[in-house]
Structure formats: C-alpha cells, structure tokens
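We name chains A, B, ... by the order of the sequence lines, and we start the count at 1 in each one. Side chains are part of it too, since the values below use all heavy atoms of this structure and drop only hydrogens, waters and symmetry mates.
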Amino acid sequence: TQTVSQSDAHVTVFEGDSVELRCNYSYGGSIYLSWYIQHHGRGLQFLLKYYSGNPVVQGVNGFEAEFSKSDSSFHLRKASVHWSDSAVYFCAVSQNTGYQNFYFGKGTSLTVIP
Amino acid sequence: EAAVTQSPRNKVAVTGGKVTLSCNQTNNHNNMYWYRQDTGHGLRLIHYSYGAGSTEKGDIPDGYKASRPSQENFSLILELATPSQTSVYFCASGDVLEGDTLYFGAGTRLSVL
C-alpha cells in the first residue's frame, strides 16, 4: 500500500516569495509521482510528474519538483509566487496496474498575499 | 482540449432517496474514476472503470454503485442516500497509454439532508 504525506496543511507567503511544498511517500515497486493543483471550487489539474531520469521536473507556470529516493520525497517548488497561485496542492503516487491506481496526499493549502 | 463534464454541479437530496451523478468525457480515455473529497481525508476512490460495460470497486465502494454504458459516460448511483454521503464528488478520466495523468471534472457538491 502506498502512502503519501504532506506535512503542511497550510502555507502562507507573500507575492514574490519562493515556496516549497513538501511531499513524502512510501511505496513498493515502480511508481509515478505527481502534483495536482485545485483552485477553489474547481477540479484538480495536473501540474507535473516524475517517473525516471532527471530528478528535477518542470511543470506549468514556473513550478518544478525534485525527486529524492534517499529521502522518499517529491517536493514542489516555485521561485517567485503570484497571488493566482493560491490554491490547494495535492501530491500523488500512482502505479500502472491496468488502471491508474492513485494515492493522494491530504493537500496543502497555499495562500499568497498580494 | 480534453474535457470531463459533471452534472449536476450541486445537488440536495433527502435521506433514503436515490441520487445519480453523471460524468461525460471527450478524451476517448478507457479508464474513468469516481472520487469523493472530504476535509481531512483528501481524495478517496469509490469506483472505477476500464471501459464500456465494466465497473470495479475502489477503496470505499459501500453505499455506491457505478454504471459505464459507453466509453464517454460513467455514472455514480446512490440507491439510498445517507447524510454521511454528503461530500464533493469528482469524476476523472485517464489512459495508461498516456502515462499516469488524470483529467478531472469540476466536481458535484452533494448534500444529503
């Protein structure tokens, strides 16, 4: 069974600040790691994913995430946030077992103060 | 662009009533999913489908049924709604050939009184 832990339920920063949203996971086997964003009242939208290769992956809107096998982590970062980045961010672990077996973290709510 | 559309967006139901949540996707994806989202629990998988005619139980299937009459449509059915089923429900589609990416609908907010 995969588990996904997002240690911070809420993060508040000012516009222009950098931010890191933390994700740790446990897994057995070959997995994908991904991040999704959910704006208020909307569905989740894909941001980025990692499967293999370069441990730093780039996503949309300046987001990037770095995989660390030693730390079992996949933290999301952005160098300079904008007020429109305010949303809930979900980390997910998935395996292709015929269907896409996703396990989501509980989410981190990011508030960006203009 | 790929799209997943859910209806209704909001629903108020009475305890013991029947509720049907509908989902349509234009992605031509084989797999479709129903999740519920509750504070403190994140997203939990209720049912999923590999294609037309198939439905499978997810992690929390009790009290729910699903129907996949076509590639495009996937419904979630609450035969006897209970207040504990008050939640936000999300439909998603995906295809293993596209890697592990899910495309979500905007959600249905269900209140069971």
Side-chain angles (χ1 to χ4, degrees), chain A residues 1-10 21-25 27 29-53 57 59-60 65 67 74 87-109, chain B residues 1-7 9-10 21 23-25 27 29-51 54-61 66 68 74 88-109:
Chain A
T1 302
Q2 326 298 346
T3 61
V4 182
S5 173
Q6 295 181 244
S7 55
D8 298 314
H10 303 277
L21 305 182
R22 303 174 62 81
C23 174
N24 292 89
Y25 61 90
Y27 76 95
S30 181
I31 60 169
Y32 287 85
L33 292 158
S34 53
W35 279 94
Y36 286 77
I37 181 174
Q38 183 181 32
H39 290 285
H40 181 69
R42 308 280 295 276
L44 280 71
Q45 290 180 281
F46 171 76
L47 265 184
L48 49 76
K49 67 183 174 186
Y50 171 82
Y51 181 68
S52 65
V57 292
V60 298
F67 166 71
F74 189 58
V88 181
Y89 292 79
F90 291 92
C91 181
V93 168
S94 59
Q95 286 184 307
N96 263 331
T97 57
Y99 72 103
Q100 294 136 307
N101 190 3
F102 275 74
Y103 292 87
F104 288 90
K106 294 183 179 180
T108 297
S109 176
Chain B
E1 183 168 313
V4 179
T5 305
Q6 294 182 231
S7 62
R9 291 297 314 278
N10 293 281
L21 307 183
C23 179
N24 175 277
Q25 56 111 350
N27 306 325
H29 287 156
N30 288 326
N31 298 339
M32 295 187 74
Y33 308 82
W34 277 105
Y35 290 89
R36 63 178 283 177
Q37 183 179 36
D38 302 286
T39 303
H41 288 281
L43 279 84
R44 293 180 289 175
L45 181 64
I46 306 170
H47 283 286
Y48 62 97
S49 167
Y50 291 112
S54 94
T55 61
E56 306 290 337
K57 294 180 179 179
D59 298 323
I60 54 163
R68 182 87 180 270
F74 190 38
V88 181
Y89 292 85
F90 288 98
C91 176
S93 75
D95 197 308
V96 295
L97 295 179
E98 292 188 18
D100 268 25
T101 301
L102 293 182
Y103 298 86
F104 284 84
T108 295
R109 183 172 297 277

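Annotation: side chain to side chain contact (heavy atoms under 4.5 Å, CB included) contacts of B:V88 (sequence neighbours excluded): B:F90, B:R109. Residues meeting the side chain to side chain contact (heavy atoms under 4.5 Å, CB included) test with B:D38, sequence neighbours left out: B:R36, B:H41, B:R44, B:S87.
Checked by atom type, the side-chain pair B:T55/B:S49 shows no donor-acceptor distance below 3.5 Å.
Ranked by heavy-atom pairs under 4.5 Å with chain A, the first of B:A106, B:C91, B:G58 is B:A106. Among A:G43, A:S34, A:A9, the residue making the largest number of heavy-atom pairs under 4.5 Å with chain B is A:G43.
Side-chain rings of A:F46 and A:Y36 approach one another, their centers coming within less than 6.0 Å.
Contact of A:F90 with chain B is made through the side chain alone, with heavy-atom distances under 4.5 Å. If you measure heavy-atom distances from B:Q6 to chain A, you find no contacts under 4.5 Å at all. Within the 4.5 angstrom heavy-atom criterion, only side-chain atoms of A:Q38, from C-beta onward, approach chain B.
Note: B:Y35 and A:F104 have perpendicular aromatic rings, judged against thresholds of 30 and 60 degrees for the angle between ring planes.
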